[in-house]
There are 2 protein chains.
Amino acid sequence: MEKEKQGISLKISNLKVTSQRMAVLEALSSLKNHPTVDKIKEYVAKNHPNIAVGTIYKTLETFVDKGLVKKVKTEKDVMRYDPILEKHHHLYCEKSEHIEDFFYDELNNMLEEYFKKKRIPNFKVNDVKLQIIGTFKNKKV
Amino acid sequence: MEKEKQGISLKISNLKVTSQRMAVLEALSSLKNHPTVDKIKEYVAKNHPNIAVGTIYKTLETFVDKGLVKKVKTEKDVMRYDPILEKHHHLYCEKSEHIEDFFYDELNNMLEEYFKKKRIPNFKVNDVKLQIIGTFKNKKV
DNA sequence: ATAATTGCAAAAGCTTTGCATGGCC
DNA sequence: GGCCATGCAAAGCTTTTGCAATTAT
């Protein structure tokens with residue numbers, strides 16, 4: 001059961017299990033497309049009409065601190081959240097707000113190799129993220 | 001003379017040459033580190049005490065439209081501006097707001113090759129940006 | 001002349017904060 | 001019971017907008 005897993009992941013992170021946190025976790029896993037706070041609020045409000053936006057912000061910030069979600073940046077200025085922790089990159093649509101995940105180990109390995117060989121003076125590389133920008137074809141995004 | 005070039009680049013873009021626009025261009029080329037609007041305002045204000053923030057925003061937006069600068073987004077939610085148009089990537093410091101440019105044709109070629117061979121289903125790649133995240137060594141950033 | 005640009009100030013997001021209340025452990 | 005999390009509302013920022021006055025061409 002999904003809820004159980006979510007409760008466990010809160011406990012592991014030393015967070016109290018509250019219905020709001022559970023609801024935000026559920027929203028994150030249901031809303032596929034790197035939701036904004038607004039989308040999350042909308043989703044959560046279905047079963048939680050009284051949840052405060054502040055709570056959602058605080059909750060998400062807590063999750064980021066604990067490493068349960070990551071922030072995704074776009075050229076626009078609204079923060080979006082990504083619940084997937086495996087290493088992956090993002091495809092950004094030039095024409096819409098759509099963001100899609102892109103997993104490809106081969107690419108990760110290639111980059112890792114590259115930065116292992118080619119050192120950057122005075123800089124220690126910890127992570128490399130790709131923003132792959134373009135357009136989606138034949139798809140309602 | 002630098003000013004002349006800047007005036008010309010405005011004319012080429014079909015923009016009227018105003019002292020405010022010249023000042024913003026100068027700020028962009030002097031402030032190396034991908035300045036925020038605030039930094040730009042600060043710089044411009046030295047010789048232009050009366051410039052309005054709104055004007056700076058409008059000016060920058062115009063420049064972005066004309067392709068004279070690009071927006072750079074960080075995990076924090078303040079927009080920053082990059083006057084360098086050549087293809088390049090960014091080094092992000094994990095510990096500060098410092099952003100540095102990273103030029104490396106070899107890497108660009110490698111990525112270009114990669115995405116030429118490895119097609120992504122339903123997606124046309126137009127640009128690939130790297131966010132290289134880590135820490136600067138022996139350096140006051 | 002006239003169309004574009006600017007300054008000013010108000011407004012519009014998005015996000016954070018403080019504090020009293022309420023709920024987990 | 002103690003402490004952490006929540007709701008609420010206000011405040012803080014960054015950014016946008018409308019409009020009259022100004023300026024470049």
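Each chain gets a letter, A, B and so on, in the order the sequences are listed, and its residues count up from 1. Because only heavy atoms are used, hydrogens play no part in the values below, and waters and symmetry mates are left out as well, while side chains stay in.
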Enquirer: Would you say A/Asn108 and A/Asp105 make side-chain contact, with heavy atoms under 4.5 Å?
Expert: yes

Enquirer: In degrees rounded to 10°, what angle is found between the helical axes fit to the five outermost pairs at each end of the helix from C/dA1-D/dT25 to C/dC25-D/dG1?
Expert: 40°

Enquirer: Using whole Å, report how far CD1 of B/Ile51 lies from P of C/dT5.
Expert: 14 Å

Enquirer: If the cut-off is 4.0 Å, is B/Gln20 near the phosphate of C/dG7, judged by side-chain N/O to OP1 or OP2?
Expert: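 Yes, B/Gln20 has a side-chain N/O under 4.0 Å of OP1/OP2 on C/dG7.
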
Enquirer: Write down the distance between CG (B/Leu60) and C1' (C/dT6), rounded to a whole number of angstrom.
Expert: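 Answer to the nearest Å: 15 Å.
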
Enquirer: Rounded to the nearest Å, what distance is computed from the CG atom of residue A/Asp65 to the C1' atom of nucleotide D/dA5?
Expert: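 Result: 15 Å.
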
Enquirer: Return a single string for nucleotides 18-25 of chain D, one symbol per nucleotide in 5' to 3' order, where B is base contact, S is sugar-phosphate-only contact and - is none, cutoff 4.0 angstrom on heavy atoms.
Expert: BB----BS

Enquirer: Do any side-chain nitrogens or oxygens of A/Tyr57 fall under 4.0 Å of OP1 or OP2 in C/dT16?
Expert: no

Enquirer: Could you list the donor-acceptor pairs under 3.5 angstrom formed by side chains in residues 21-32 of chain A, with sequence neighbours left out?
Expert:
{"unit_1": "A/Arg21", "atom_1": "NH1", "unit_2": "A/Lys16", "atom_2": "O", "d": "3.0"}
{"unit_1": "A/Glu26", "atom_1": "OE2", "unit_2": "A/Tyr43", "atom_2": "OH", "d": "3.2"}
{"unit_1": "A/Ser29", "atom_1": "OG", "unit_2": "A/Glu26", "atom_2": "O", "d": "3.3"}
{"unit_1": "A/Ser30", "atom_1": "OG", "unit_2": "A/Glu26", "atom_2": "O", "d": "3.0"}
{"unit_1": "A/Ser30", "atom_1": "OG", "unit_2": "A/Tyr43", "atom_2": "OH", "d": "3.1"}
{"unit_1": "A/Lys32", "atom_1": "NZ", "unit_2": "A/Ser29", "atom_2": "O", "d": "3.2"}

Enquirer: Under 3.5 Å, side chain of A/His88 to main-chain N/O of A/Glu86, donor-acceptor pair present?
Expert: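 Side chain of A/His88 to backbone of A/Glu86, a donor-acceptor pair under 3.5 Å: yes, one is there.
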
Enquirer: I'd like to check B/Leu10 versus B/Phe63 (side-chain heavy atoms, cut-off strictly below 4.5 Å). Are they in contact?
Expert: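 The answer is yes; the side chains approach within 4.5 Å.
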
Enquirer: What's the CZ-P distance between B/Phe63 and C/dT5, to the nearest Å?
Expert: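 Going from B/Phe63 (CZ) to C/dT5 (P), I get 10 Å.
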
Enquirer: Rounded to the nearest angstrom, tell me the gap between atom NZ in B/Lys41 and atom P in D/dT16.
Expert: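 Rounded to the whole Å, the gap is 17 Å.
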
Enquirer: Yes or no on salt bridge (Lys or Arg N to Asp or Glu O under 4.0 Å) for B/Lys71 and B/Glu61, after CA distance, side-chain angles and deciding distance?
Expert: CA-CA 9 Å; B/Lys71 292 185 173 186; B/Glu61 208 47 41; 3.3 Å; yes

Enquirer: Taking NE2 from A/His48 and C1' from C/dG23, how many angstroms apart are they, rounded to a whole number?
Expert: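 Value for this atom pair: 13 Å.
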
Enquirer: Could you check how far CD of A/Glu61 sits from P of C/dT17, rounded to whole Å?
Expert: 9 Å

Enquirer: How far does CE of B/Met110 sit from CG of A/Leu107, to the nearest 0.5 angstrom?
Expert: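 The distance works out to 8.0 Å.
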
Enquirer: Determine, using the 4.5 Å side-chain heavy-atom cutoff (strictly less than), whether B/Ile8 and B/Val17 are members of one ILVMFWY cluster.
Expert: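 No, B/Ile8 and B/Val17 fall in different hydrophobic clusters.
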
Enquirer: Return the nearest nucleotide to the side chain of A/Arg21; candidates are D/dA5, D/dT14, D/dG7.
Expert: D/dA5

Enquirer: Can you label the angle between the A/Phe115 ring and the B/Phe102 ring as parallel, tilted or perpendicular, going by 30° and 60°?
Expert: tilted

Enquirer: How do A/Gly54 and A/Asp38 order along DNA chain C: which one's closest nucleotide is nearer the 5' end?
Expert: A/Asp38

Enquirer: C/dT5 C1' sits how many Å from B/Leu10 CG, rounded?
Expert: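 These atoms are roughly 12 Å apart.
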
Enquirer: Measure the spacing between OG1 of B/Thr62 and CG of B/Asn14 and express it to the nearest 0.5 Å.
Expert: 12.5 Å

